[in-house]
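Following: one structure in structure tokens, then a few remarks.
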Amino acid sequence: MIRRSERLNNVSYDLCGPLYERAKEIEALGHQVTKLNIGNPAPFGFDAPDEVIDQLIRNIRLAQGYSDHKGLLSAREAVKRHYLAKGVDHIHTDDIFLGNGVSDLIMSAVQGLLNEGDEVLVPAPDYPLWTASVRFAGGKAVHYLCDEESEWFPDLADIRSKITSRTKAIVIINPNNPTGAVYSKELLQELLQLAEEHELVVFSDEIYDKILYDDAAFFSTATISDSVLCVTFGGLSKNYLAAGFRAGWMLVSGAKHEAAAYIEGLNTMASLRVCPNVPAQHVIEVALEGQQEIYDLILPAGRLGQQRAICYEKLTSIPGITCVKPKGAFYMFPKLDVKKFNIIDDQQFAMDLLMESRVLLVPGSGFNYPQHDHFRVVYLPEPVELSHTMDRLANFLEHYQQH
Ligand code: PLP
């Protein structure tokens, strides 16, 4: 018997878990499944900006060799300019690491920090890679509640009550996946105050920082305080609709004088991986400094703006569903009336929906949400398809009772 490593116990990623496998089996039988399990814009007809594609093609010959283990200097300088423009102070190109998407960098940043049994405060609901990477690194993911009644903002009292002598870091996902919340400056100030008091590293996942609706204002965590060590994550997957390029970055800022050994560890982690995917590094500068096509998409009349409106309206007109309107990203995290539908197990709900209506959604428990009464919708399908998909959900729920 070849067994898997025990480090993989309790490590899961339900976005591509058993429900997804079942959806693929159904497709293999010749049926069509609307797969809303993952925030991957390209299959829904979104294209990266033309100049990004051109740059990739033009540079492909230059991208045959390894780059520096932290990434191409020109790309890291572009990332530096990007954060300087946002108002982050004292940035050095040496504090910027490129990676194969944010996912890759999350794994490195967490593994480079934790010892066995160390705790990390992770939001509930979370983007589940965060919980998985903490567990894989031998740490304990301690989930703090985000409060649906308060626009899904983190519950500060809950966070405070969960800090122990083993707590090493806190994860902030803003704009948030799966809730779509965008945090206020005041909230970030309070979170950083807590981090400073308890000497926590702040991991700020800001991969959706340009996908904002209505009057939502985004503040990068690193601009809020210099007194904590802040590791900020960003990339091309969402803002530039180029998830398959696997291009991301992380910036270490703030109390770097207290973190020389950790930063050295990050350097070691990066060098062990030789270097990130080089073709994609060549487009980072053009992406960050070129035409920001995403800004048109998020307008009320833009494609994402329209889809958000349709999805919200359709969802909230289904009896037994309520939903906080998202301010950012491209997800909604609606609540089911568990009494009305007799829901005990949200995985079962998602499986029943898949089998009957051929719609693949990820239930709230896949995002480490403790109550089994939510699910996430990815509103990337174009308006007509999205509208039909929401109708299929409504028809399903019209008679649904869990057994
Ligand atoms: N962080 C969050 C909050 C995400 O939603 C995602 C992808 O959905 C990622 C990180 C991973 O991004 P990447 O494609 O850069 O690995």
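All residue numbers refer to positions in the sequence shown, counting from 1. All figures in this text were calculated on a predicted structure; none of them were measured in a lab. In listed order, ligands and their atoms are each counted from 1.
- The backbone and the side chain of S103 each have at least one atom closer than 4.0 Å to an atom of ligand 1 (non-hydrogen atoms only).
- Nearest protein heavy-atom contact of atom 3 (C) of ligand 1 is D205 OD2, 3.2 Å.
- Annotation: side chain of P125 is in contact with side chain of T179 (closest heavy-atom distance under 4.5 Å).
- The shortest N/O to N/O separation between G101 and ligand 1 does not fall below 3.5 Å.
- The shortest N/O to N/O separation between D104 and ligand 1 does not fall below 3.5 Å.
- Checking Y262 against E264 by side-chain atom types alone, no donor-acceptor pair falls below 3.5 Å.
- No cation-pi contact links K238 to Y208, judged by a cut-off of 6.0 Å to the six-membered ring centre and 45° from its axis.
- The side-chain tip of R7 points at the ring of F136 from less than 6.0 angstrom away and within 45° of straight on.
- Residue Y208 has at least one N or O atom closer than 3.5 Å to an N or O atom of ligand 1.
- Tested against D209 for a side chain to side chain donor-acceptor pair (under 3.5 Å), the candidates N239, T232, N174 yield a single pass: N239.
- Residue contacts with ligand 1: S237 is included, with a non-hydrogen atom under 4.0 Å away.
- In summary, the atoms of ligand 1 found under 4.0 Å from a heavy atom of R246, numbered by their order in the structure, are 13 (P), 14 (O), 16 (O).
- With a heavy-atom cut-off of 4.0 Å, N177 touches ligand 1 through its side chain alone.
- Looking at ligand 1, you won't find any N or O of N100 less than 3.5 Å from one of its N or O atoms.
- For the pair R308 and F330, the NZ or CZ position fails the cation-pi test of under 6.0 Å to the six-membered ring centre and within 45 degrees of the ring normal.
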